[in-house]
Amino acid sequence: MFSPARLPRAVASRSLHSARSWTPLRALSTQPVQSTPNQAQKPRAQKFQDPKGFNTAFYLAQKFKAKNARLHLVPHRYHALMNALATNELSEESLALLEDMNACGVAPDVGICNYALKACSNNPKRFREVLERMHKAKVQWDGVTYGRVIHHRLADGELELALQDFHAMLEAGHSIPGHLAERLANTAAKGDFPRLALDLIRVYEAGAQQALPPASWVETLTKSLELYYDEGIRTCLNRIQAEGISLDEGLTTEVLLYSARVADLDLAESMLKHLKELQVKLQEQHLAPLLEIYVKRNDIDGA
């Protein structure tokens, strides 16, 4: 699934407080304090006097270590600390905590790694590094991992890789969250792939036995109209009409133009009726498609 990329080796010593150098968490109490010339010399623990923005568990662990207290970090405590870092999206600190786990002989599980991925969600380089560590440690992905990776792929514009991960997620037997399927379908539609978007919607609804929000169908319909994808237009219209979803004036006009192209009188009349329900005053651009349909049908009286 994941092909390891060539990444720079982790620096031997790191600090939980600095991206330039990092030290295992357990060793913080024994390391000399480093500061810039513009900073007064003071213990690093004072930076955490106000725990605002940090999870309480992370604040207390830092405080204990700064006071040379013996704090035995068992796996569930690492979970609490990594969750704190993930909540605040602290990528460098999350990598430092993984280093500390390695130094203390605690193997990271998939839950810890998922928190680390969340912490690195806005740092592509660190995100890939966490995936590299998971690969080396042979940590198996779960549904949360796949979800985070797919969201990251989409944020980077890597739709093809996101689809590969989506397929692997299905093959592994993980359930697909609705918000993930919705984002994939909407991204495919906006990327000029309405057929792909429609297939994704169908796959999800067939497997989950529940419907995606109407926005996915409307987005797919919009792009299908733009690219003249007939099957997508018909399928989405049938679904939208069956669920009673109301189209706005602009999209209704686009459907009217489509009905003129395929000479579908019933569809045109239903769209004109919908415009009246929206209390839209009919104008030339609304009636011209109907006239074109009559002409194509050689219905002079109707025209």
Side-chain angles (χ1 to χ4, degrees), residues 147 150-151 153-155 157 159 162-163 166 175-303:
I150 291 172
H151 279 299
R153 305 281 199 211
L154 295 177
L159 177 59
L163 290 172
F166 178 75
S175 60
I176 307 296
H179 65 86
L180 183 61
E182 180 184 5
R183 186 175 181 187
L184 268 171
N186 291 347
T187 302
K190 292 177 181 178
D192 294 342
F193 301 108
R195 181 175 182 177
L196 174 60
L198 186 59
D199 288 342
L200 287 169
I201 294 174
R202 286 169 168 170
V203 168
Y204 171 77
E205 293 191 347
Q209 296 183 348
Q210 62 181 19
L212 281 180
S216 297
W217 289 97
V218 173
E219 188 68 46
T220 305
L221 172 63
T222 302
K223 190 57 67 171
S224 297
L225 287 166
E226 181 181 332
L227 299 178
Y228 306 115
Y229 175 43
D230 188 72
E231 182 184 355
I233 296 171
R234 293 292 182 177
T235 303
C236 292
L237 276 176
N238 291 337
R239 178 61 175 269
I240 288 171
Q241 291 174 342
E243 295 192 1
I245 301 171
S246 179
L247 302 178
D248 60 21
E249 179 185 356
L251 194 53
T252 303
T253 303
E254 290 295 325
V255 177
L256 272 171
L257 294 174
Y258 166 76
S259 67
R261 193 173 77 249
V262 297
D264 190 332
L265 182 60
D266 292 336
L267 179 58
E269 290 178 341
S270 67
M271 291 298 103
L272 288 174
K273 180 180 178 181
H274 181 63
L275 286 174
K276 293 178 181 179
E277 293 173 350
L278 294 176
Q279 298 182 349
V280 174
K281 184 178 180 180
L282 298 183
Q283 299 181 12
E284 179 182 351
Q285 68 267 25
H286 301 133
L287 297 175
L290 186 62
L291 178 61
E292 182 178 345
I293 293 173
Y294 282 127
V295 171
K296 286 183 176 180
R297 291 186 167 204
N298 295 322
D299 187 349
I300 305 303
D301 294 336

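Remember, it's a predicted structure, so these values are computed and weren't measured experimentally. Basis for what follows: all heavy atoms, side chains included, without hydrogens, waters or symmetry-related copies.
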For this session: Enter the distance from Lys190:NZ to Asp192:CG here, rounded to the nearest 0.5 Å.
Result: 12.5 Å
For this session: Measure the CG-CG distance between Leu180 and Leu184 for me, rounded to the nearest 0.5 Å.
Result: 5.0 Å
Exercise. For Gln209, does the CD atom sit with more than 12 other heavy atoms under 6.0 Å from it, leaving out its own atoms?
Worked result: no
Problem set entry | Derivation and outcome, side-chain contact (heavy atoms from CB on, under 4.5 Å), residues Thr220 and Arg239 | CA-CA 11 Å; Thr220 305; Arg239 178 61 175 269; over 6 Å; no
For this session: Measure the CG-OG1 distance between Leu227 and Thr222 for me, rounded to the nearest 0.5 Å.
Result: 11.0 Å
For this session: Kindly give the heavy-atom pair with the smallest separation between Ile201 and Ala185, and that separation in Å.
Result: CG1-CB, 3.8 Å
Exercise. Taking everything shown except Arg195 itself, do over 12 heavy atoms lie less than 6.0 Å from its CZ?
Worked result: no
Problem set entry | Residues Leu290, Leu265; criterion side-chain contact (heavy atoms from CB on, under 4.5 Å); working and verdict | CA-CA 7 Å; Leu290 186 62; Leu265 182 60; 3.4 Å; yes
Problem set entry | Closest non-hydrogen atom pair between Leu278 and Ser246, with its separation | CD2-OG, 3.8 Å
Problem set entry | Side-chain (Thr235) to main-chain (Gly232) donor-acceptor, under 3.5 angstrom | no
Exercise. Do Gln241 and Ser270 pass the side-chain contact (heavy atoms from CB on, under 4.5 Å) test, and can you show the C-alpha distance, the side-chain angles, and the key distance before you say yes or no?
Worked result: CA-CA 10 Å; Gln241 291 174 342; Ser270 67; 4.2 Å; yes
For this session: State the CG-NE2 distance between Asn186 and His179, to the nearest 0.5 angstrom.
Result: 13.0 Å
Exercise. Considering all heavy atoms of both residues, which atom of Leu267 and which atom of Asp264 are nearest to each other, and what is their separation?
Worked result: N-OD1, 3.0 Å
Exercise. Roughly how far, to the nearest 0.5 Å, is the CG atom of Asp199 from the CZ atom of Arg202?
Worked result: 6.5 Å
Exercise. So which heavy atom on Lys223 is nearest to which on Pro194, and how close?
Worked result: CG-CD, 4.0 Å
Problem set entry | Residues Lys273, Glu269; criterion salt bridge (Lys or Arg N to Asp or Glu O under 4.0 Å); working and verdict | CA-CA 6 Å; Lys273 180 180 178 181; Glu269 290 178 341; over 6 Å; no
Exercise. If you look at every heavy atom in His151 and Arg183, which pair is closest and at what distance?
Worked result: ND1-NH1, 2.8 Å
For this session: Look at the side chain of Glu254 and the backbone N and O of Glu226, then say whether any donor-acceptor pair between them is shorter than 3.5 Å.
Result: no
Exercise. Do Glu182 and Pro213 touch side chain to side chain, with heavy atoms closer than 4.5 Å?
Worked result: yes
Problem set entry | Heavy-atom check, side chain of Leu247 versus side chain of Leu221, under 4.5 Å | yes
Seminar exercise, completed: Rounded to the nearest 0.5 Å, the CZ atom of Arg261 sits from the CD atom of Glu292 at a distance of 10.0 Å
For this session: Any pair with a residue in residues 185-229 that passes ring pair (Phe, Tyr, Trp, His ring centres under 6.0 Å), sequence neighbours left out, goes on the list, sorted by first then second residue, please.
Result: none
Exercise. Can any side-chain N or O of His274 pair as donor or acceptor with the backbone N or O of Thr252 at less than 3.5 Å?
Worked result: no
Problem set entry | Heavy-atom pair with the smallest gap, counting every atom of Ala260 and Lys296 | O-NZ, 2.8 Å
Exercise. Got a sec: does the CD of Glu284 have more than 12 other heavy atoms crowding it under 6.0 Å?
Worked result: no
Problem set entry | Trace of the side-chain contact (heavy atoms from CB on, under 4.5 Å) decision for Leu225 with Leu251 | CA-CA 9 Å; Leu225 287 166; Leu251 194 53; 3.6 Å; yes
